[in-house]
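Here is the naming used below: chain letters follow the sequence lines, and residue numbers restart at 1 for every chain. Quick caveat: nothing in here was measured; it's all calculated off a predicted structure.
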Number of protein chains: 2
Amino acid sequence: MTNGKTSERLYQDVARSLVEELAAGRFPVGTRLPAERELALRFDVSRPTVREAMIALEVQGFVEVRLGSGAYVLRLPNEGDRPGFDVSAFELTEARLLFEGEAAALAATQITDEELTEVARLVDDIAQENNDPAGTERADREFHLAIARATRNSAIYNAIEQLWDLRQTSPEAALLHSKARTANVKPVVEEHCAVLDALRSRDANAARAAMRAHLAAVLDGLLFATEEQALAQARRATQAKRERYTRATA
Amino acid sequence: MTNGKTSERLYQDVARSLVEELAAGRFPVGTRLPAERELALRFDVSRPTVREAMIALEVQGFVEVRLGSGAYVLRLPNEGDRPGFDVSAFELTEARLLFEGEAAALAATQITDEELTEVARLVDDIAQENNDPAGTERADREFHLAIARATRNSAIYNAIEQLWDLRQTSPEAALLHSKARTANVKPVVEEHCAVLDALRSRDANAARAAMRAHLAAVLDGLLFATEEQALAQARRATQAKRERYTRATA
DNA sequence: CTCGTTTTTTGGTAATACCAATTTTCAAAA
DNA sequence: TTTTGAAAATTGGTATTACCAAAAAACGAG
């Protein structure tokens, strides 16, 4: 109706149209959406399809469905909810550098001996599985998440975990990450050891510095991996990025 | 079947059961879930209900449904996906202190003149609407998000935005926040001004310090608001928290 | 054993019906 | 007139059935 874009699934079209109407301010927070039967007529689909779209909105926290009453707007979509949201590997690693650096600093003041042995075990894990790329990735993730968990702050842990999940949302980013990792397995282990040592001594500043150094190295690996397959035109853009990220790291 | 818990909505029961089976490792990543018709038999519900549950899983990124083939596991549920996840106002503000501090530092090196005027306008906004609590909250949020946007890093912006959204997930936390704010409107404006000045001078360290000072003050306000209504027993816990957070801030 | 066709399985959607909770309507009663 | 309360209409919740299209599996010809 209002939009010609058609995806494979009808309920996605309906849900997307409704989200667009929400974003456009058509239905302010607290107001009631049209009835399912009415929406079925408006979109020219069956009621089960409208219900499927409704559940998609409900799961995303946009609306609350009340039996016998209707669907009421809970919140409006914001940037992150819009489609086409994928972060580059650079943005992702920059964010991790800043956030995980602070998380490591906080973790250094909170970590228990048990958690230290757990982190140490994960450092060994990544050293062992240097053959299997999938195992290495998993061990790396667990290492970083264990430190985030040691902050005893679920908001911090959740945010960092979501940054790792973001890697999967973009195939190119995931590929770039794995490519950048293969060449730098041994340095990664050493950098992880440095972080572990700082945590052991409960030195917040050292932990922050070690974590930032590690992720700065990852960032360098990404830049190198990009350059390897880049044209001269892309090389200029990379150079600009390098300037920016080295500035941010300093 | 495996679980007796029953909520208002059937599709939620089915979806929850499936998520539990995923978390239990019953269906590894990449494997196919049973067919919709089979699940309908297993859960003793109709196929539309199974489909609704399937869409809930799909929206949450757990499975990918392929026409004519089946539903395949994309990722396993993690901590943040489990129910009962709500962060305390303290955790949330501590996370913001660390993350937004770094974001402000990065923003100071990236912000444009146009964005500076935008941030300045938002500082005025919160000063104007010091009567309307809802308007104050909105202006406050926009101020912080504008700074996050100035980092030019969508991963950072998204993470900070989600921290703000987390506030709404817990009614108690939202109430505590609004209560803590009402008393401290004028100091907030001054602290925002300090952040703005640091951004204007493109001083990353000053921006980080100003933002951390602001959020440390918010944290203090939260502790005060908690104490006001706390019993002696709760007071001891608060004291422990104060020690911890002041340590983290130092 | 390989390749192409047929059959079966599986998801996608529609249509209909009925129930339960809520909301609205409206008439009876105070 | 206002209030109250029951009846009617609205709305979501679920089940049933049916049919289509795409994919996968089975199968048969070569």
### Query
Hey, does B:F143 have a side-chain heavy atom less than 4.5 Å from the side chain of B:R138?
no
Tell me what [X] touches on the nucleic acid: a base, only sugar-phosphate, or nothing, going by heavy atoms under 4.0 Å.
{"X": "B:R66", "result": "sugar-phosphate"}
{"X": "B:R9", "result": "sugar-phosphate"}
{"X": "A:R47", "result": "base"}

### Query
Would a distance-only check, ignoring hydrogens and angles, find a side-chain to backbone donor-acceptor pair under 3.5 Å from B:T49 to B:V45?
no
### Query
Any donor and acceptor pair, going by atom type alone, linking the side chain of B:S69 with main-chain N or O of B:R66 inside 3.5 Å?
no
#### Entry: Residue whose nearest DNA chain C nucleotide is more 5′ - A:E8 or B:E38
B:E38
### Query
When you match B:L67 and A:G68 each to their closest nucleotide on DNA chain C, which lands nearer the 5' end?
B:L67
Taking only the side-chain heavy atoms of [X] (C-beta and beyond), determine which of [options] contains the nearest atom.
{"X": "A:V65", "options": "C:dA14, C:dT13, D:dG13", "value": "D:dG13"}
{"X": "A:E36", "options": "D:dT16, D:dG12, C:dG11", "value": "D:dG12"}
{"X": "B:A35", "options": "D:dG13, C:dT10, D:dA15", "value": "C:dT10"}

### Message
Nearest whole Å is fine: how far is C:dT10 C1' from B:L33 CG?
### Response
13 Å
### Query
Atom CZ of B:R32 to atom P of D:dA22: distance rounded to whole Å?
19 Å
